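Below is one structure, written out as structure tokens, with a few remarks after it.
Nothing here was measured: the structure is a model prediction, and the numbers come from that model. Protein chains get the first letters and strands the later ones, always in sequence-line order, with residue 1 at the start of each.
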Protein chains: 2
Amino acid sequence: MTIDDAPRDGLRGGPRELLRLVASGAAVSRADLARLSGLSPSTVSQRVEALISEGLLQEAGAGKSRGGRRPRQLAVPTGGALIGAIDLGAHHARLGTLDLTGRVVEVRSRPVRIEDGPEAVLGALLDEVTALAPGADAAVPGQREAVPAGGRALRGIGIGIPGPVQYDTGRVVSPSRMPGWNGFDARDFCARRTQVPVVVDNDANLMALGEHRAAHAELDHAVYVKAGTGIGAGVISGGRLHRGAQGSAGDISHCRVVADPGPLCSCGNTGCLEAVASGAALVAALREQGVPVEDLTGVMRLIDDGDRHATALARRAGRSIGEILAVVVNFFNPQVVAIGGRLAECEPLLASMRATLYERCLPLATQALLIERVVTGPDVGIMGAAQLVIDRVVDPS
Amino acid sequence: MTIDDAPRDGLRGGPRELLRLVASGAAVSRADLARLSGLSPSTVSQRVEALISEGLLQEAGAGKSRGGRRPRQLAVPTGGALIGAIDLGAHHARLGTLDLTGRVVEVRSRPVRIEDGPEAVLGALLDEVTALAPGADAAVPGQREAVPAGGRALRGIGIGIPGPVQYDTGRVVSPSRMPGWNGFDARDFCARRTQVPVVVDNDANLMALGEHRAAHAELDHAVYVKAGTGIGAGVISGGRLHRGAQGSAGDISHCRVVADPGPLCSCGNTGCLEAVASGAALVAALREQGVPVEDLTGVMRLIDDGDRHATALARRAGRSIGEILAVVVNFFNPQVVAIGGRLAECEPLLASMRATLYERCLPLATQALLIERVVTGPDVGIMGAAQLVIDRVVDPS
DNA sequence: ATGACTTTGTTCGGCACTCGTAGAAAGTGA
DNA sequence: TCACTTTCTACGAGTGCCGAACAAAGTCAT
């Protein structure tokens, strides 16, 4: 829809690049920044000065000499403004605050009941997030420009939803298994309620953004699969998040993987990937086999214990995911496919997926392909949310 | 590989935007350009002056008044420099010359025998292309800057290859059914031979570039399928050509579409899309059924005549292509899927493909999806080649 | 210690690009 | 003939970046 969906920010060009280089520890001095960013020393000097006067950067004493003048070290100040983030899942939500460099400050997990509807679910989570940033009303009005903004005020909130989100409008569209959410304008609702800018996106997209920035910032093309209760994917093309026309890019959950008399899916079709390989499908299939299992955690435990049925199901799920991803890899030719979510912990699933990919893809497409588990951990979603807020709200270059 | 694979040129920003607006007939005067491009009138004036002095644009008398001063009309000069283009196919090649706005000047078709190897095939085609632009040595040395460059000199050549091309290096990599081409550095060979800048890309990518610029320039995400002797696809993401990590993006020909004892593919696997749905596969399957058919043209004729076997095969091919494209559409969520190549003329195939797409995709992904036949005609490949040359050689902003 | 050399960082002028404003040029219409 | 519109250019200003020169602060061999 928009011309530039997500500015390729922290890499080349954007003024945030310098900030990120310092925050990541890659650069400590202005000279480092010039070398790493490719900008001229004079430009770096200029920009650093601007960042310091905005309160986004500060000097931190002198470093060690490398045979010449000692560098004046730079650091990202702690205690500045905050970003709120919510990563909503099928049964649990993760929420927290992060600083303007995208580092987690505080994080919590809460059980949620999606079926209570968007107002109730989001309302409670928003209240908790805003409570984590008490600085909002402690801000000194006159100094908002000079000092980074009072106590620890909230500059924006990023929210991930486990279903399709029309990013331009912030609406949730035709989600399966989220009764009462269809068409809900989550962005507007949250922005009105908190009086703070809000961005809303699909949870897999946020995972992709978080993991890509944290682990693969130098790679141009990547696919991140989130396999938990449901299955989704986030797509990076040319260093930017690819959301597609309706914002539903990466939604592979209803691709067909088994011939016609397959298991019935929540979407009404049969044989969908989600009906075969998602966490919910594993739980359902085990129960059908008479194995008493509570939830996905129970399934994971069975697999860890070496239960035959559960392990076989996990292998089959991995094969199914691999079959779809094989098409995706041939078509998209990414540099990396990373899998996250609860099911990524499942070794048999991962192994089957890998095997299927290598078997079914062009050798050309897999020869240099990284197939990994997501390395950023359970906070990856809220980290991606914060990245999005930084890109779109804090510093939309 | 590169940060900015293909600059989003003719749209917003690039200095070529103005040229394209004039060439397409959308703008006739400087005032038009200012309105359409969003640039200020002063900037337009400046850029137009620069383009005129480069010989890329010229004034063409006064237009009709709209209640005020009459506009000074602009036009793209004819007779300027040329771009050479070759669209290599499995059995035929299309070659020609185009002007700097991407319009075809001359075009021809030649039978080729790929198996003669790259030097012989490309050598002959290059000779013919250079012969179409005799201005190369007629150029007046001193005036190369002021006047557009002598007679009709060749500024660059764009070449499409029916197999994977590593775009960065210009090498052909592991093509199936192109014996003797693997690893061949086509760009270097052609550039040395002609002493002119050369760009080489996959044929489906060039088709995508040509069709996108000509028909869907305003759309951000598109997939163009080229179904002829082989099957390939070109991918546009965010208005740019997405080539992927190894340049093999869009290569869906070896995705599996039938369960294990499927037809043997040239790649050694069984059940590949190419072994089921390509033109070559249709010819082979008909022969196996005892139908004497010469080539793809023969198959098309049978289908037009209503032959049951041929039509059934075409329908099955359409379904197979649709099954793969369904995954692609769910994953990539494009605004348009267009199909070109010889098989696109086949109505039953197209119908089956459409049906399969609507059946297997998320409604969200197909509700606004255009499913079309390519409209640019048989020259689309060389038009795309010229676009690539313009972007990368003539005017790499 | 002393001078040569390194590394770090700033200042300053200049280039390239764009915009806005003003105004010139060239029409129309009452 | 005058008011008004449309088209196009000229000029000054602003921005963002760069390179060169220089200033600051070290190390190291003699």
The criterion is salt bridge (Lys or Arg N to Asp or Glu O under 4.0 Å); which residues satisfy it with [X], sequence neighbours excluded?
| X | result |
| --- | --- |
| B:Arg103 | B:Asp99 |
| B:Arg35 | B:Asp32 |
| B:Arg72 | B:Glu59 |

Base C:dG20 paired with B:Ser42 side chain (donor-acceptor, <3.5 Å): yes
Interatomic distance, [X] [atom1] vs [N] [atom2] [rounded to whole Å]:
| X | N | atom1 | atom2 | value |
| --- | --- | --- | --- | --- |
| B:Arg47 | C:dC17 | CZ | P | 9 Å |
| A:Leu39 | D:dC17 | CG | P | 7 Å |
| B:Glu17 | C:dC17 | CD | P | 16 Å |
| B:Ile52 | D:dT9 | CD1 | P | 8 Å |

For DNA chain C, the residues among residues 27-36 of chain B that have a non-hydrogen atom under 4.0 Å from it: none
A:Asp391 with A:Arg213: basic N within carboxylate O range, under 4.0 Å: yes
N-O pairing of B:Arg243 and B:Asp201 below 4.0 Å: yes
Side-chain donor/acceptor of B:His221 to backbone N/O of B:Gly238, under 3.5 Å: yes
Any donor-acceptor N/O pair, B:Ser45 side chain to B:Pro41 backbone, under 3.5 Å: no
Need one value for [X]: base, sugar-phosphate or nothing, where a base atom within 4.0 Å counts as base even if backbone is also close, heavy atoms only.
| X | result |
| --- | --- |
| A:Ser65 | sugar-phosphate |
| A:Pro71 | sugar-phosphate |
| B:Gln46 | base |

A:Ile159: side-chain contact (heavy atoms from CB on, under 4.5 Å) partners, not counting sequence neighbours: A:Ile86, A:Leu122, A:Leu126, A:Ile157, A:Ile161, A:Cys190, A:Val198, A:Val200
When you compare the protein's N or O atoms with those of nucleotides 22-26 of chain C, which come within less than 3.5 Å of each other, and at what distance?
unit_1 : atom_1 : unit_2  : atom_2 : d
C:dA25 : N3     : B:Arg69 : NH1    : 3.3
C:dA26 : N3     : B:Arg69 : N      : 3.3

Test applied, side chain to side chain contact (heavy atoms under 4.5 Å, CB included); reference residue, A:Leu51; option that passes from A:Leu18, A:Leu74, A:Val76: A:Leu18
